[in-house]
**Q** 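Just passing along the structure, written as structure tokens.
Side chains are part of it too, since the values below use all heavy atoms of this structure and drop only hydrogens, waters and symmetry mates.
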Amino acid sequence: MQRRTLLAAAGTGLAAALTGCIASAGDGTDGADDGNSTTESTPDPTPTPEPVEAVSVATGERLTTVVGNGPASDDGALKPHHVRLENPTDEPWTARIDVSRPLGSGHVETYELAHDATVNVSLRVPADYELTVTDIDSDAAATESVGPDSFDCNRSWTAFSPGDDGISVSGASTRMACGPNTVAADGAVTVALGDGSLPTEATKPHSVAVSNPTDAAETVEFAYETPAGAVAFGGAYRLEPGARVGASLTEVHKVTLRVARRSDSGDEVSEAVSVEKSQFDCNASSTTVSLTDDGGFESRTLSTLMFCGDIEANETNKSN
């Protein structure tokens, strides 16, 4: 169970309270006050910072959280990328970490790390990530990016720690030679992309996959991209006969699947298919890009043909 602590936030740019006196001597021309007048100025009170709630990590403790549902795992051929908060200093360090990705929930939390404490965030889906760590006391921040090429058979990590001039960032990886990930014959790798925020209970996710129905193993490179060009899931996979790799889109979002393969002569052949927001309704639907025997691709979208009507109106009527 995580231990949470309320910490007093350190304010930035606090001004010292000064009390001054302004004296003016009367010139006798107005016949009002021929003495000295004194006006005291009262400074505005300094606002009290709101306390910060933080998860406490004790000395020597290692706290781990996971982002995504695979396919990378520490004991598998495809390793996750780890994001670490480390405190090698003798003083407690309070930092907020924000891990964001194009589709799906990331991780945002504030931690108070004692000496030699570690927080580890394990990224399980090869994708584009933005990592931002902020020092709560100084407001210093550091941002790093991680892409799908950071996920292979090697163990890799990006580490943040308190530094003399802000936040120190480092990273490392083992150096094994890695081949493409392999999906065994008739096997499947599927990840969920999205935060599950489908508009109604009747709205179904849309499945998008790359399939190899041929009799020979093939290596493909693919990327699920958002309209902004960010990769929500990508990599290189060797698909044995009958194997497939894909994603279930669990939020209404336009996604483009780009797939490439190389012919025996070394020429690259590619295919791109897009899933539009209008394809999310009460029907079970899927889009599949299949490899063909002639070195190309065949794309097909299937859907049940139920009449969905006005889903939002139906849900409103149910609630009433």
**Q** Under the criterion side chain to side chain donor-acceptor pair (under 3.5 Å), I'd like the reasoning laid out for Ser299 against Glu271: C-alpha separation, chi angles, the key distance, then a yes or no.
**A** CA-CA 9 Å; Ser299 302; Glu271 178 83 352; 2.9 Å; yes
**Q** Between Ser138 and Ala140, is there a donor-acceptor pair closer than 3.5 Å when you use the side chain of the first and the backbone of the second?
**A**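 At least one qualifying donor-acceptor pair exists.
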**Q** Under 4.5 Å between side-chain heavy atoms, hopping through other hydrophobics if needed: is there a path connecting Val146 to Ile167?
**A**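 Yes, Val146 connects to Ile167 through the hydrophobic network.
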**Q** Where the side chain of Asp152 meets the backbone of Cys178, is there a donor-acceptor pair that is under 3.5 Å apart?
**A**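 No, Asp152 side chain to Cys178 backbone: no donor-acceptor pair under 3.5 Å.
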**Q** Going through the checks in order, is the side-chain contact (heavy atoms from CB on, under 4.5 Å) test met by Thr226 and His253?
**A** CA-CA 8 Å; Thr226 67; His253 203 293; 4.1 Å; yes
**Q** Is it true that a side-chain atom of Tyr224 and a backbone atom of Val208 form a donor plus acceptor pair closer than 3.5 Å?
**A**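 Yes.
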**Q** Give a yes or no on whether a salt bridge exists between Arg238 and Glu218, defined as a side-chain N under 4.0 angstrom from a carboxylate O.
**A**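 No, Arg238 and Glu218 are not salt-bridged.
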**Q** Applying a strict under-4.5 Å side-chain criterion to I, L, V, M, F, W and Y, I'd like to know whether Val191 and Val231 cluster together.
**A**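 Looking at the clustering, Val231 is in a separate group from Val191.
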**Q** Please round to the nearest 0.5 Å and tell me the distance separating atom OG1 of Thr182 and atom CD of Glu240.
**A**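 That separation rounds to 6.5 Å.
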**Q** For Glu109 and Thr65, run side-chain contact (heavy atoms from CB on, under 4.5 Å): C-alpha distance rounded to whole Å, both residues' side-chain angles, the deciding distance at 0.1 Å, then the answer.
**A** CA-CA 11 Å; Glu109 187 59 272; Thr65 187; over 6 Å; no
**Q** Dump the intermediate steps for side chain to side chain donor-acceptor pair (under 3.5 Å) on Thr301 and Thr287, then the final yes or no.
**A** CA-CA 4 Å; Thr301 295; Thr287 298; 2.9 Å; yes
**Q** Just checking, is any N or O donor in the side chain of Thr143 or Thr132 under 3.5 Å from an acceptor N or O on the other one?
**A**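 Judged by distance alone, the side chains do pair up.
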**Q** Ser56 and Glu61: which non-hydrogen atoms are nearest, and at how many Å?
**A**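 Smallest heavy-atom distance, with atoms named: O-OE1, 4.4 Å.
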**Q** Checking the side chain of Arg244 only, and the main-chain atoms of Asn212 only, is there a donor and an acceptor separated by less than 3.5 Å?
**A**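 Between the backbone of Asn212 and the side chain of Arg244 there is no qualifying donor-acceptor contact (under 3.5 Å).
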**Q** Rounded to the nearest 0.5 Å, what separation is found between the CG atom of Asn87 and the CG atom of Asp116?
**A**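 Nearest 0.5 Å value for the CG-CG distance: 8.5 Å.
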**Q** Side chains of Val245 and Leu239: does their closest heavy-atom pair fall under 4.5 Å?
**A**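 Answer yes - side chains close enough.
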**Q** Which atoms form the tightest heavy-atom contact between Leu193 and Ala247, and what is the distance?
**A**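 Shortest heavy-atom contact: CD1-CB, 3.6 Å.
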**Q** Would Val121 end up clustered with Trp157 when hydrophobic side chains under 4.5 Å apart are linked, directly or stepwise?
**A**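 Cluster IDs for Val121 and Trp157 differ.
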**Q** Is a donor on one side and an acceptor on the other found under 3.5 Å between the side chain of Asn154 and the backbone of Ser173?
**A**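 No; judged by distance alone, with no hydrogens or angles, the pair does not exist.
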**Q** For Arg300, is the CZ atom crowded, meaning more than 12 foreign heavy atoms sit under 6.0 Å from it?
**A**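 Open: at most 12 neighbouring heavy atoms sit under 6.0 Å from CZ of Arg300.
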**Q** Going only through I, L, V, M, F, W and Y residues with side-chain contacts under 4.5 Å, is there a path from Leu85 to Val55?
**A**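 Hydrophobic grouping puts Leu85 with Val55.
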**Q** Please find the pair of heavy atoms, one from Ala114 and one from Ala58, that lie closest to each other, and give the distance.
**A**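 Nearest pair, atom of Ala114 first, then Ala58: CB-C, 4.0 Å.
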**Q** How many angstroms lie between atom CD of Glu112 and atom CD1 of Ile136, to the nearest 0.5 angstrom?
**A**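 That separation rounds to 11.0 Å.
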**Q** Just by distance, do the side chain of Thr288 and the backbone of Ser290 share a donor-acceptor pair under 3.5 Å?
**A**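 Not a single qualifying donor-acceptor pair exists.
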**Q** Answer yes or no: is there a side-chain heavy-atom contact under 4.5 Å between Leu198 and Thr200?
**A**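 No, too far: nothing below the 4.5 Å cut-off.
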**Q** Less than 4.5 Å apart, side chain to side chain, heavy atoms only: is that true for Pro126 and Pro71?
**A**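 Yes. Closest side-chain heavy atoms under 4.5 Å.
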**Q** Would you say Asp98 and Ser100 make side-chain contact, with heavy atoms under 4.5 Å?
**A**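 Side chain of Asp98 against side chain of Ser100, heavy atoms only: contact under 4.5 Å found.
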**Q** Show the nearest heavy-atom pair for residues Asp128 and Pro102, with the distance to one decimal.
**A**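 In terms of heavy atoms, the two residues are closest at O-CD, 2.9 Å.
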**Q** Check the surroundings of atom CG in Asp294: do more than 12 heavy atoms from other residues, nucleotides or ligands lie under 6.0 Å from it?
**A**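 Counting other residues, nucleotides and ligands, CG of Asp294 exceeds 12 neighbours.
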**Q** Apply the test side-chain contact (heavy atoms from CB on, under 4.5 Å) to residues Val289 and Val273: give CA-CA distance (whole Å), side-chain angles for both, the deciding distance (0.1 Å), then the verdict.
**A** CA-CA 8 Å; Val289 177; Val273 295; 3.7 Å; yes
**Q** In terms of heavy-atom contacts, does CD of Glu91 have more than 12 from other residues, nucleotides or ligands at under 6.0 Å?
**A**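 Count not over threshold, so no.
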**Q** Is the closest side-chain donor-acceptor distance between Thr256 and Ser274 under 3.5 Å?
**A**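 Yes, Ser274 and Thr256 have a side-chain donor paired with an acceptor closer than 3.5 Å.
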**Q** Take Tyr111 and Trp93 through the test side-chain contact (heavy atoms from CB on, under 4.5 Å) and record every step on the way to the result.
**A** CA-CA 8 Å; Tyr111 296 95; Trp93 181 45; over 6 Å; no
**Q** Nearest 0.5 Å, please: how far is NE2 in His107 from CG in Leu123?
**A**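 Reported to 0.5 Å precision, the distance equals 10.5 Å.
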**Q** Tell me the closest heavy-atom pair linking Ser211 and Pro213, and the distance in Å.
**A**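 For Ser211 versus Pro213, the nearest heavy atoms are O-CD, 3.4 Å.
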**Q** What's the spacing between Lys277 NZ and Leu249 CG if we round to 0.5 Å?
**A**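 Rounded to the nearest 0.5 Å, the NZ-CG separation comes to 13.0 Å.
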**Q** Compare every heavy atom of Val269 with every heavy atom of Phe297, then report the nearest pair and how far apart it is.
**A**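 Heavy atoms of Phe297 and Val269 come nearest at CE1-O, 3.4 Å.
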**Q** Nearest 0.5 Å please: distance from the CD atom of Glu298 over to the CG atom of Asp293.
**A**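 The CG atom of Asp293 is 10.5 Å from CD of Glu298, to the nearest 0.5 Å.
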**Q** In residues 72-84, what donor-acceptor pairs under 3.5 Å come from side-chain atoms, sequence neighbours left out?
**A**
unit_1, atom_1, unit_2, atom_2, d
Ser73, OG, Asp75, OD1, 3.1
Ser73, OG, Gly76, N, 3.3
Asp74, OD1, His82, NE2, 3.0
Lys79, NZ, Asp74, O, 3.1
Lys79, NZ, Gly76, O, 2.6
His81, ND1, Ser156, OG, 2.8
His81, NE2, Thr158, OG1, 2.9
His82, ND1, Asn120, OD1, 3.4
His82, ND1, Asn120, ND2, 3.2

**Q** Start with the C-alpha gap between His206 and Ser285, add the side-chain angles, then the distance that decides, and say whether side chain to side chain donor-acceptor pair (under 3.5 Å) holds.
**A** CA-CA 5 Å; His206 188 91; Ser285 58; 2.6 Å; yes
**Q** Does any part of the side chain of Asp149, heavy atoms only, come nearer than 4.5 Å to the side chain of Phe151, both counted from C-beta?
**A**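 Not touching, per the 4.5 Å side-chain cut-off.
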**Q** Are Leu291 and Val220 close enough that some pair of their side-chain heavy atoms sits under 4.5 Å apart?
**A**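 Yes, close enough: below the 4.5 Å cut-off.
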**Q** Using side-chain heavy atoms (C-beta onward) and a distance below 4.5 Å, is Phe222 in contact with Leu257?
**A**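 Yes, side chains in contact.
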**Q** Measuring only between side-chain heavy atoms, which start at C-beta, is Pro88 closer than 4.5 Å to Ser161?
**A**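 Answer yes - side chains close enough.
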